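All remarks here apply to the structure that follows.
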Amino acid sequence: MTEGNNVTESDNKDTTAGDVPAEEKNAEEEKKENGECKVDLVEKVSPPAAAEVEFVHPEGGWGWVVMLASMWCNGSVFGIQNSFGILYVSLLNEFSSKDGVDMSSKTSFVGSLSMGMIFFCSPIVSIFTDIFGCRITAVGGAAVGLVGLLASSFVKSLDVMYFTYGIVFACGCSFAYQPSLVILGHYFKKRLGLVNGIVTAGSGVFTVTLPFILSKLLDEVGLQNTLRVLCILMFVLILAGFTYKPLLPAKPAMTQTGFRLSRLFNMNIWKSVGYRIWAFGIPAALYGYYVPYVHLMKHVQERFGPNVNKEILLLCIGITSCLGRFIFGSVADFVKGSNKVFLQVLSFFVIGVMSMMIPLCNIFGGLIAVCLLMGLFDGCFICIMAPIAFELVGAKDVSQAIGFLLGLMSIPMVAGPPIAGFLRDKLGSYDMAFYLAGIPPIIGGIVLCLIPWVEARNRRKQKKEGLSKEQDVSQKMIELEKAQEDAKNKRGDSVL
């Protein structure tokens, strides 16, 4: 249709040009001689290109199926990771008894390495997602994770477990996880906060159920067979990845090497000062974030005895985490712009204080209350990560923005639990480890408070630049009018 309209318009222009009388042609020649051609050149601006049709998000339809698949992905990946405390006790009993020494630090490194690798691979996953799409990246990652988890079930050495569980399984989970966040932006915009809350609630649902299932399996069939049962979750994850049908238009393909490099390593995201602060503040807050998930079960066993029902603490974290993702995911849809960051600031403050409260709980009921609050604001922190990324860098760059952030998060995720385990081996208790684990979230929350101020300053600067541009345009128009008047005067002088 557009091409047909262009042809018709060009034919009309040619016909009109052919019918121009000789008097008008002479007048135009006089204008060129007297300097009025400058004005004509400005007035004859090429027509603007046809505006691109704005993409309309379905806000439902097949998107609900994609949402459920993404929810399964979050649940299977982070449900296993959050329940590592159960596996940690079994690993510690097996490998410590063989070597005859306490190996809290070395054994906890299996879980922290696995969680860290999920985030460390995220920048690479972003590149793969941009090149191959969400579906291929997710399915391939789930297949690699299945192989790593299955191989871990045959391992008899802790050093080999670092590779099979900590690297191969975790890398596969990373490639499966990140596309599950990116694909949601293809189907939802107005409901993105709520949908992210529902999707990330998957990990809460699995965190509620898996500890009890794992405890039962470990008692009945042992560690190796328990890992093989978990492979079922990864197989279903492969099937879920096939539902990721992309909708957003693909980025234009160009042959220039520079464009390819800019597509692989998107530097536009780092031009945003708000994103740079966010990418620094989040990792700074996470040095103590994963410590309770790894060491809380062992701490409870030492503090309250081996017969206490320690799995109920993960149940509390999982239930309130689901609740927090629904609540704060909905609230995030009504919080405008970068002010969503204040929800993360609040969550980090609460998580930091609750981590410090863990050693102070001398009764099991107090520990339950701490875990309830910790889970609620853990859900808040997680569910609004993607909406904040969309606000800071826009939809086109969100894939690599999330990827680089998750990659930076890998460093504190890997470092935190082994440091806590080292303190436990040296001091004989986890008290100091939990006290120190509460400090980084508070510091990171303070850093994040700068983002809304920076974004507001940038908006004011852009408004000023817009006003200055309008003034420049008006000044040019005045100059053009003067030039037109001067040209008329010159023509009058030439007639005289």
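Residues take their numbers from the sequence shown, with the count starting at 1. Keep in mind the model is a prediction, meaning the values are calculated, not measured.
When ring centroids are compared, W62 and Y244 stay outside the 6.0 Å threshold. Between Y187 and W64, the distance separating the two ring centers is not shorter than 6.0 angstrom.
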Validation: residues 344-358 side-chain donor-acceptor distances under 3.5 Å, sequence neighbours left out:
unit_1	atom_1	unit_2	atom_2	d
Q344	OE1	W278	NE1	2.9
Q344	NE2	F381	O	3.2
S347	OG	Q344	O	2.6
S355	OG	I351	O	3.0

Would you mind writing out the side-chain donor-acceptor pairs for residues 162-173 within the sub-3.5 Å range, not counting sequence neighbours?
unit_1	atom_1	unit_2	atom_2	d
Y162	OH	K106	O	2.8
T164	OG1	S152	OG	3.0
T164	OG1	V160	O	3.3

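Comment: D431 does not engage R424 in a salt bridge, judged by the lack of any side-chain N to carboxylate O separation of less than 4.0 angstrom.
Contact of the M409 side chain with the M385 side chain is registered, since non-hydrogen atoms from C-beta on lie closer than 4.5 Å. Between L436 and L423 the shortest side-chain heavy-atom distance falls below 4.5 Å. Proximity of M374 to T320: side-chain heavy atoms (C-beta onward) are nowhere separated by under 4.5 Å. For the pair C371/L296, a side-chain contact is recorded, criterion being any heavy-atom separation below 4.5 Å from C-beta on.
For the atom pair L367 CG and C361 SG, the distance stands at 5.0 Å (nearest 0.5 Å). In this structure, the separation between CG on L286 and CD1 on I282 is 6.5 Å, given to the nearest 0.5 Å. The distance from the CG atom of L372 to the CG atom of L315 is 9.0 Å, given to the nearest 0.5 Å. Within the model, atoms CG of L87 and CE of M161 stand 9.0 Å from one another, a figure rounded to the nearest 0.5 Å.
Within the 3.5 Å criterion, the main-chain N or O of Y177 finds a donor-acceptor partner in the side chain of S180. Using modelled atom types, one side-chain atom of S112 and one backbone atom of F109 make a donor-acceptor pair closer than 3.5 Å. Looking only at distances, no side-chain donor or acceptor of H299 sits under 3.5 Å from a matching main-chain atom of Y430.
Nearest heavy atom pair, residue S83 against residue L214, reads CB-CD1, 3.7 Å.
Relative ring orientation between F128 and F175 is described as perpendicular, the plane-to-plane angle rising above 60° on a 0-90° scale split at 30° and 60°. The aromatic rings of F377 and F328 are tilted relative to each other, their planes meeting at an angle between 30° and 60°.
For S70, there are no side-chain hydrogen bond (donor to acceptor under 3.5 Å, both in side chains) partners at least two apart in sequence or on another chain.
Of the listed residues (Y290, F434, Y88, F422), just one forms a ring-ring contact (aromatic ring centres under 6.0 Å, His included) with H295, and that residue is Y88. With Y275 as reference, W270 is the one residue of F404, F390, W270 to meet the ring-ring contact (aromatic ring centres under 6.0 Å, His included) rule.
Side-chain polar atoms of Q81 and S114 form a donor-acceptor pair below 3.5 angstrom.
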